[in-house]
Amino acid sequence: MHSPVEQFTIKALYALSLFGYDISFTNSSLFMVLAVLVSSGLLLIAMRPASIIPGRLQCFAEMMYEFVANILDSNVGKEGKPYFPFIFTLFLFILFSNLLGLIPYSYTVTSQIIVTFAMAFTIFIGVTLIGIFKHGLHFFSFFVPPGASKPLIPLLVLIEVISYLIRPVSLSVRLFANMLAGHTMLKVFAGLAVMMSGAGGVMVAGSALPLIAIIGLTGLELLVALLQAYVFTILTCMYLNDALHLH
Amino acid sequence: MVERISMISKWLVSGMALSLVSTSAIAAGDSSAKSGGLPQLDISTWPSQLFWLMVTFLIGYVIISRLVTPSISSVLENRSNKISSDIETAKEAQQKAKDVFNAYEASLSDARSQAANAAATAIAEAKADTVSREAAINKKIVASTKKAEAKLAEMKNEALSSLEDLAVETSQQIISQLTPIKATKAVIKKHVKIHAKLQS
């Protein structure tokens, strides 16, 4: 029987290397390309009419735009405007990676810790640099909670610094673990169904149960795919807000 | 709150799944030893993933920042401009309608007051006319009454005097026929007058 984590295996589709590194075009790369093409292509086709009174597809594209714009506006405010294209790209990339990953036989890009960590770490470095460029050394006052009593300050600063440094880890592990867990569970139930139907007898009829469970779980995973894209986006906005406005 | 609960449940689920994965990996023994546990932890695939993530994300960023975002935001801006200009036009039209209505109201009340004035003056004139006519008629009536009274008085006097003359003549004839007294007209007249006075 196949292991439930085998679905996460990276397979090279076209071998490539750069400066001695293996940068083969893999199944993961294919779905990254698809996520970008499908998301931007869908939005571009949807905005083709560009009419004052939108049709269904245009309405959908505008809803996506306004959804992300509202997240950015309510968490960061007007100063977040220049970062909108990045946040929008991030949201669409994660959302479409998650959603495309739910199609059977496809690959879930965001189930790879290195991918989510790379995104989270880039955001972490980015917002830290934005904070330092905007506030200079004053940025480090972010680690001193306002109104703290003097003797507690060293301890509080330590806690604040650790919680700040842990951000990229929590941000990336949240998305990764959700995708990993969801897809593993789907595979476990699918494997169970296959095993039961192979066992013969009463078990064949009983294999309907894990199949029904898979249907339910797929619905749940659809929700998780949307929710995690939203959570990743909103947390990015909150970190950006911290960098721009400190406390 | 809901967010927190969902996060906690996510963690629980993922923890369960991870333990499930690890136990199944242990149980699988040989087969998982070949693939080396979670494929995510296979460092040899990382450079390729990082490279393609960078490339695809950058391409996505360029497409979305250059093409998608401007097209959507321009449509949204056009719409909000159109809506605000339409509202402006509607407000102007409303103001115009209000002005027209006010002008109509003003002319209406003007006409009303003019009509009321005209009616009042007409009534006053008619009243004055009536009064003057009444006065004239009254005067005429009084005058004709007086004339008639005067005529009546004159006629009465005439009748009275002719009656006197008749009485005097009759008395003279009666006296001359019944008595030998020759009574003069003047004396008789005097007596008649005394009698008339006594009777009246």
Side-chain angles (χ1 to χ4, degrees), chain A residues 1 3-10 12 16 18 21-26 28-29 32-33 35-36 39-40 43-44 47 50-54 58 61-62 64-66 84-86 88-90 92-93 109 111-115 118-119 174 176-178 180-182 184-185 188 224 227-228 231, chain B residues 3 6-7 10-18 20-22 24-25 27-28 31-32 34-35 37-76 78-83 86:
Chain A
M1 190 196 139
S3 159
V5 292
E6 204 189 288
Q7 57 177 322
F8 303 116
T9 315
I10 303 271
L16 278 173
L18 186 74
Y21 288 107
D22 175 23
I23 55 152
S24 302
F25 189 80
T26 63
S28 166
S29 322
M32 288 178 189
V33 172
V36 168
S39 60
S40 51
L43 291 186
L44 283 177
M47 291 313 291
S51 62
I52 296 276
I53 300 154
Q58 194 189 330
E62 285 173 14
M64 298 276 268
Y65 177 97
E66 287 186 324
F84 177 78
F86 176 77
F88 197 30
T89 311
L90 187 73
L92 290 173
F93 188 81
V109 176
S111 70
Q112 287 281 342
I113 182 71
I114 186 64
V115 172
M119 289 193 288
R174 185 179 298 110
F176 152 72
N178 269 288
L180 174 73
T184 308
M185 274 217 299
V188 167
V224 171
L227 189 71
Q228 287 308 313
V231 168
Chain B
E3 164 79 353
S6 77
M7 259 166 68
K10 286 290 120 58
W11 282 106
L12 281 176
V13 167
S14 51
M16 266 156 48
L18 272 175
L20 204 138
V21 167
S22 54
S24 70
S31 67
S32 71
K34 255 188 272 167
S35 62
L38 271 180
Q40 278 89 341
L41 301 177
D42 182 2
I43 293 175
S44 68
T45 65
W46 287 11
S48 150
Q49 292 195 65
L50 288 176
F51 174 78
W52 286 104
L53 174 66
M54 205 174 71
V55 170
T56 52
F57 197 92
L58 278 178
I59 290 169
Y61 179 76
V62 170
I63 294 173
I64 282 163
S65 64
R66 292 279 156 84
L67 299 174
V68 176
T69 306
S71 75
I72 299 179
S73 62
S74 75
V75 165
L76 293 181
N78 280 348
R79 182 176 308 146
S80 73
N81 284 346
K82 167 100 174 111
I83 288 170
D86 279 5

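Only a predicted model underlies this, so the values are computations on that prediction, with no experimental measurement involved. To find a chain, count down the sequence lines: A is the first, B the second, and so on, and within it residues start at 1.
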Non-hydrogen side-chain atoms of [X] and [Y] separated by less than 4.5 Å:
{"X": "A/Ile52", "Y": "B/Asn78", "result": "yes"}
{"X": "A/Met64", "Y": "B/Ile72", "result": "no"}
{"X": "B/Leu67", "Y": "A/Leu43", "result": "no"}
{"X": "A/Leu44", "Y": "B/Ile63", "result": "yes"}
{"X": "B/Val55", "Y": "A/Met32", "result": "no"}
{"X": "A/Pro85", "Y": "B/Arg66", "result": "no"}
{"X": "B/Val68", "Y": "A/Tyr65", "result": "no"}

(request) Check the pair B/Ile64 / A/Leu92 against side chain to side chain contact (heavy atoms under 4.5 Å, CB included), numbers first and verdict last. (result) CA-CA 10 Å; B/Ile64 282 163; A/Leu92 290 173; 3.5 Å; yes
Of the backbone (N, CA, C, O) and the side chain (C-beta and beyond), which part of [X] lies under 4.5 Å from a heavy atom of chain B, both, or neither?
{"X": "A/Phe93", "value": "side chain"}
{"X": "A/Ser29", "value": "both"}
{"X": "A/Met47", "value": "side chain"}
{"X": "A/Phe25", "value": "both"}

(message) Show, in sequence, the C-alpha distance, side-chain angles and deciding distance for B/Tyr61 and A/Leu90, and conclude whether the side chain to side chain contact (heavy atoms under 4.5 Å, CB included) test is met.
(response) CA-CA 8 Å; B/Tyr61 179 76; A/Leu90 187 73; over 6 Å; no
(message) Can you give me the closest heavy-atom contact between B/Leu50 and A/Ala118, atom names plus distance?
(response)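 So the minimum-distance heavy-atom pair works out to CD2-CB, 3.5 Å.
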(message) Quick check on the interface: out of A/Ser39, A/Ser24, A/Ala35, who has the most heavy-atom pairs with chain B under 4.5 Å?
(response)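 Answer, by heavy-atom pair count under 4.5 Å with chain B: A/Ser24.
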(request) Could you check which of A/Asp22, A/Ile53, A/Ile114, A/Val36 has the highest count of heavy-atom pairs closer than 4.5 Å to chain B? (result)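 Of the candidates given, the most pairs with chain B belong to A/Ile114.
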Measuring from atom [atom1] of [X] to atom [atom2] of [Y], what distance do you get when rounded to the nearest 0.5 angstrom?
{"X": "B/Ser65", "Y": "A/Phe88", "atom1": "OG", "atom2": "CZ", "answer": "11.5 Å"}
{"X": "B/Thr45", "Y": "A/Ile23", "atom1": "OG1", "atom2": "CD1", "answer": "14.0 Å"}
{"X": "A/Met119", "Y": "B/Leu53", "atom1": "CE", "atom2": "CG", "answer": "6.0 Å"}

(message) Closer than 3.5 angstrom, by distance alone: can the side chain of B/Trp52 be matched with the main-chain N or O of A/Val33 as a donor-acceptor pair?
(response)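 Answer holds: no.
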(request) Sort B/Ser74 into side chain, backbone, both or neither according to what part of it lies under 4.5 angstrom from a heavy atom of chain A. (result)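 Contact with chain A involves no heavy atom of B/Ser74 at all.
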